[in-house]
Structures are given as structure tokens and as C-alpha cells.
Amino acid sequence: MKAVLFRLGRWLVHTGTIVEIEVRKLSKDPWELVIRAIQPLLWLVVFGSALAKVRVLPQGAVDYQTFLAPGILAQSVTFVSIFFGITLIWEKDQGLTQKYLASPLARSALVVGKLASAGIRALVQGFVILLVADLLGAKLALGPGSIAGVLVLVVVGAAFFAGFSLGIAALVRTRERMMGVGQLVTLPLFFASNALYPIEMMPPWLQVLATGNPMSYLVDGFRGLLVPSHPSHLGLDALVLGLGTLGMTVLATWLYPRLTR
Amino acid sequence: MGFPLVAVDSLVKRYGTFLAVDGISFSFPEGSVFGLLGPNGAGKSTTIKILATLSLPNRGTATVGGHDVVRQAAAVRELIGYVPQAISVDGALTGLENLKTMAKLTNVPRSVRRSRIDDVLDLLDLGEAAHRQASTYSGGLIRRLEIGQAILHRPRLLILDEPTVGLDPVARRKVWDHLTALRREHELGLLLTTHYMEEAEVLCDTIAIMNRGTIVAQGTLQDLRTQAHHPDASLDDLFTHFAGAKEGSPEPGSWKEARRARRTARRLG
């Protein structure tokens, strides 16, 4: 028992240190986050404002800005995490990955630390998006309970997509290929989800895709927490994303050493 | 010769159809310095990656401190410090932050963390630069910081892949001085790859010359001279004798290796 606790303590120190490194780097150069926040904000400000006026989408009892804000939050979490693998390939090219993998650092701690770091990046973006959505007049339930739920879901969603990205990075191994895969995946994930429009209005084949799309569960979870009139399926959303994140963590831990082989 | 710190036996590594390491064997004892020399593509870095637990061999065995690098990789990682050829410090962090975080990642006990870091700063003359962002360091400082990170947990073996590539002669000599001091003060075993003959002559007790995945000669400098039947030969002469390209054979080395070496040299230069 003592040995298990000792190992767990070390694992937590390793994980915390990987997160600490990422936070230190982000705090010294936050411009990356600022630049990455621009695209989702454009969706909210330009696309959201324009479609809110047209009133063609059956988004239920809420206005379109309120319907769209959780979708853009999920888009931001997904997009920032899906390209996370590029950072890891850069670290491999630098020599940092080799240093970590040849050290006593637990490999699972390295992966979990990296996924948690992706969660922190996504949290900062999420905060900006919620703030701007509120300023644009979205009627979101921003109470302490829903905010806490959103924070957890942001971290879990980011970890899921960052784990996927890490696994792909270990397989493709070059930044150019990783960019290609990221671009190939992001738009289908976004458009074949419930981020911009309800699943019910999609053609049947697209409904099947949207139901199997993990981003749909992230959007649905955010909507359940932030839009009072939206039916909540939080249990199912959390289960799908939680199990998915666990699977991605195991897969990424297994694939990560391939980066240096 | 005492108990071997490193023992490699009939090691083979393939990448697809390319045979990178072809059945090499060598060993060296605790506290000694072993140099792997050879042209690009000889298999030096692949051998080092296997010993650093970063790559898996296809055949043969390799042990560090008696632990198998495949089956007991975690135990091996406790015993080694590794400085890859590419830059392995985080340029966005200060020297001190790099050392602090690496101390935590390599299980240096909290009670001795500060003193270990101070020792390293002192031993490698890094004190004045400790609070500067590592991206502002010169090539020599970067290498010293990398070596500092690799020895924080007091490894028994320090593995260095081309430790002075891209450094000017003054910085290179300073790194050699620090490695010599490290070996003296910590009784550390060193395994290094190098292209520089002078480096091997200054630092290494035993040298293995690799060519196209095999060890073509190994021993002390004197042993190599005897094997070459050339008692006054410099290491340069011996290198050419054992690893020199035969007429008509293609030049060794790959695009990837050339790119890595040039990239490292550009960053350090």
C-alpha cells in the first residue's frame, strides 16, 4: 500500500510538473491564445449575428445567438485541441520528447499532463467566448453550477480531442502531415455536428454521422448546462466524453513513444 | 575490468529493409568513457537510442547497470542521463526553470532539489545565466544546461549524442573540461558519439569505430594503432583507415541526419 501511494505521489508530481511547464510558457507568451480566439469570435459575431436576423433555423424557444454560443464554445475547444499534436511534433524535432522519454518520468503522466495542458488552453478560450457571447446578448445560464459544469466539460472535451491529436501525431510524425490531418478532420467534425443547427433538421444519413460525432456530445453538454430551455442529456454526454477521453489517454500513452523510434 | 556498466551483445536494428545496426557487441565498466565514432549513417545514434530506451532492437541484448533496456526500461531510465543531439532545453523557460522542472521529473527528492540545482549551476558555470530565458543562451551554454539537466538525478551513465556538434572550438573545449570534471567528481560513466577525433582523443578511454551498422574496430587508441599496424597514427588516420569509404561505394548518411545536424548547428551557432 505504501509503495502504491509512493508511486501515485510521484505520478502526480510528474503530471503537475508537465502542466506547470505549459502554464509557465503560456503566461510568458499568451499571444497564441489571443490569435486562436479570433476565429471562434468571428463565428459568434459575424455568422451568429447574421443568422439571428434571418430566423430560418428551428433552434427551439431560444434566439440563435443563445443557441449558437455553446456550439462555438465546443468548436473552439475542439479546434484548439485537434492541432495540439503539432506542438508535440515540434517538441520531438527539438529533442524535448527524447529527453522526457529517456528520463524516469512516467509516460502516462507525460500524456495526462499534456492533455490537462490542452484543457487549460481551452479554458482560457472558453472564458473569452462566454464573455463575448454574453456581451452579444446570448441568454446563457451563467450560474456557479453551470459554470462549474462547463469548466469540467471544457477540460474533458479538450483532453479527448488532444488525446486523439497526440495519437495521430505519433503516427504521422511530421508537422506538414499533422496540419493536413487536422484540416481534414476539423470541418467535417464541426459541420456534421449540432454546433450550428439542430440534428433533427439534418438528412437521415447526416443524422447518423452527427450522432456518432463526439463533438455533438460536447455541444449538447454545453447546451444542457448553458441554455435553460434545452433538454439536458448531461449524463449521456459525460459518459461518452469521459469514456472517450479514457480511451484516448490509453491510446496516446501507448503511441507516444513511437514519436522517437 | 570491473562489472560492465554497459553491455551490448549482437544488437540488430532494422528500419524496414535498411539495416541500421548489424550485430554489434561492446561493453565498458563503471566510470569509464566510451566513444562511438563513425561517419553519418554508421548506426551510432541508433545504438544510443536503443541504450536510452527510445528505440527497440530487433535482435540481441543491451544492458545498463545489469538491467535489460527492453524488459527493464524503467530501471534503466533511473540510471541514465541523456543529452540528444537536437536541443532539449525549453527555450521559453529560464535556465533555472529548466533545471527545477527537470529535477521534479527525474524524482530528485524535494529536500535536496535546491542543493542539487546549486551544485549543477556551480559545476557547469551556469550561475550568471540561470535567470535568463534559455532562448537567449549561446550554443555552449545550452549544451551545458542540457548536461546539467541530465545529471540532476545523479545517473551512473551519461549518454551524449554528438555533444559538441555546432559549437565553436572555445565552447567545445569548455564542454570537454566540464565533462572531464563531471567524470572526476561524480565517477560518472560516459557514452558519447562524435565526429570530432580530437574530442574522442581527449575524453574517451575506449573507442569503437562504426561503419554501415557494424563495429569495424574497437579498443584504446593504442589498441587501434596496433590493429591498423600503424604505431604513430592519429585517430584521424585510424578513422580513415577503418571507416574510410571504399572507391565506388555510395556516401553514407541520410537526408534526415544531414538536416538534423545542420539544424542543431544553426541553432547553436
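Letters A, B, ... mirror the listed sequences (proteins, then strands); counts begin at 1.
- Between B/N107 atom CG and A/F6 atom CZ the span is 7.0 Å, to the nearest 0.5 Å.
- Counting heavy atoms of neighbouring residues, nucleotides and ligands inside a 6.0 Å radius, atom CD of B/E187 does not exceed 12 of them.
- Between B/P84 and A/G95, the shortest heavy-atom contact is CG-O, 3.7 Å.
- Expressed to the nearest 0.5 Å, how far CD of B/Q85 lies from CD of A/Q98 amounts to 10.5 Å.
- B/T106 and A/P104 make their closest contact through CG2-CD, 3.7 Å (heavy atoms, listed as atom of the first residue, atom of the second, distance).
- Once rounded to the nearest 0.5 Å, the distance linking CD1 of A/I21 with CG of B/N98 reads 8.0 Å.
- Within a 6.0 Å sphere centred on CZ of B/R14, heavy atoms belonging to other residues, nucleotides or ligands number 12 at most.
- The backbone N or O of A/L101 sits less than 3.5 Å from a side-chain atom of B/R77, completing a donor-acceptor pair.
- Using a 4.5 Å cut-off between heavy atoms, B/A74 does not touch chain A at all.
- Salt bridge absent: B/E97 and A/K25 never bring a charged side-chain N and a carboxylate O closer than 4.0 Å.
- Within the 4.5 angstrom heavy-atom criterion, only backbone atoms of B/V89 (N, CA, C, O) approach chain A.
- More than 12 heavy atoms of other residues, nucleotides or ligands sit less than 6.0 Å from atom CZ of B/R132.
- Listed here is the closest heavy atom pair of A/A102 and B/A52: CB-O, 3.6 Å.
- Residue B/K174 qualifies as open at atom NZ: its count of foreign heavy atoms under 6.0 Å is 12 or below.
- Taking 4.5 Å as the limit, some side-chain heavy atom of B/M102 sits within range of a side-chain heavy atom of A/S103.
- The existence of a salt bridge linking B/K104 and A/E20 is confirmed by a sub-4.0 Å separation between a basic side-chain nitrogen and an acidic carboxylate oxygen.
- For the options A/V13, A/T97, A/L105, heavy-atom pairs under 4.5 Å to chain B are most numerous at A/L105.
- Looking at B/L93, B/D90, B/T94 one by one, the single match for side chain to side chain contact (heavy atoms under 4.5 Å, CB included) with A/R24 turns out to be B/L93.
- How far OG of B/S135 is from NZ of A/K28: 8.5 Å, rounded to the nearest 0.5 Å.
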Side chain to side chain contact (heavy atoms under 4.5 Å, CB included) for B/L105 and A/L110? Distances and angles first, verdict last.
CA-CA 9 Å; B/L105 295 176; A/L110 177 57; over 6 Å; no
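- For B/K49 (side chain) and A/T260 (main-chain N/O), a donor-acceptor pair under 3.5 Å exists by modelled atom type.
- Residue A/R258 does not touch chain B at all, counting heavy-atom pairs closer than 4.5 Å.
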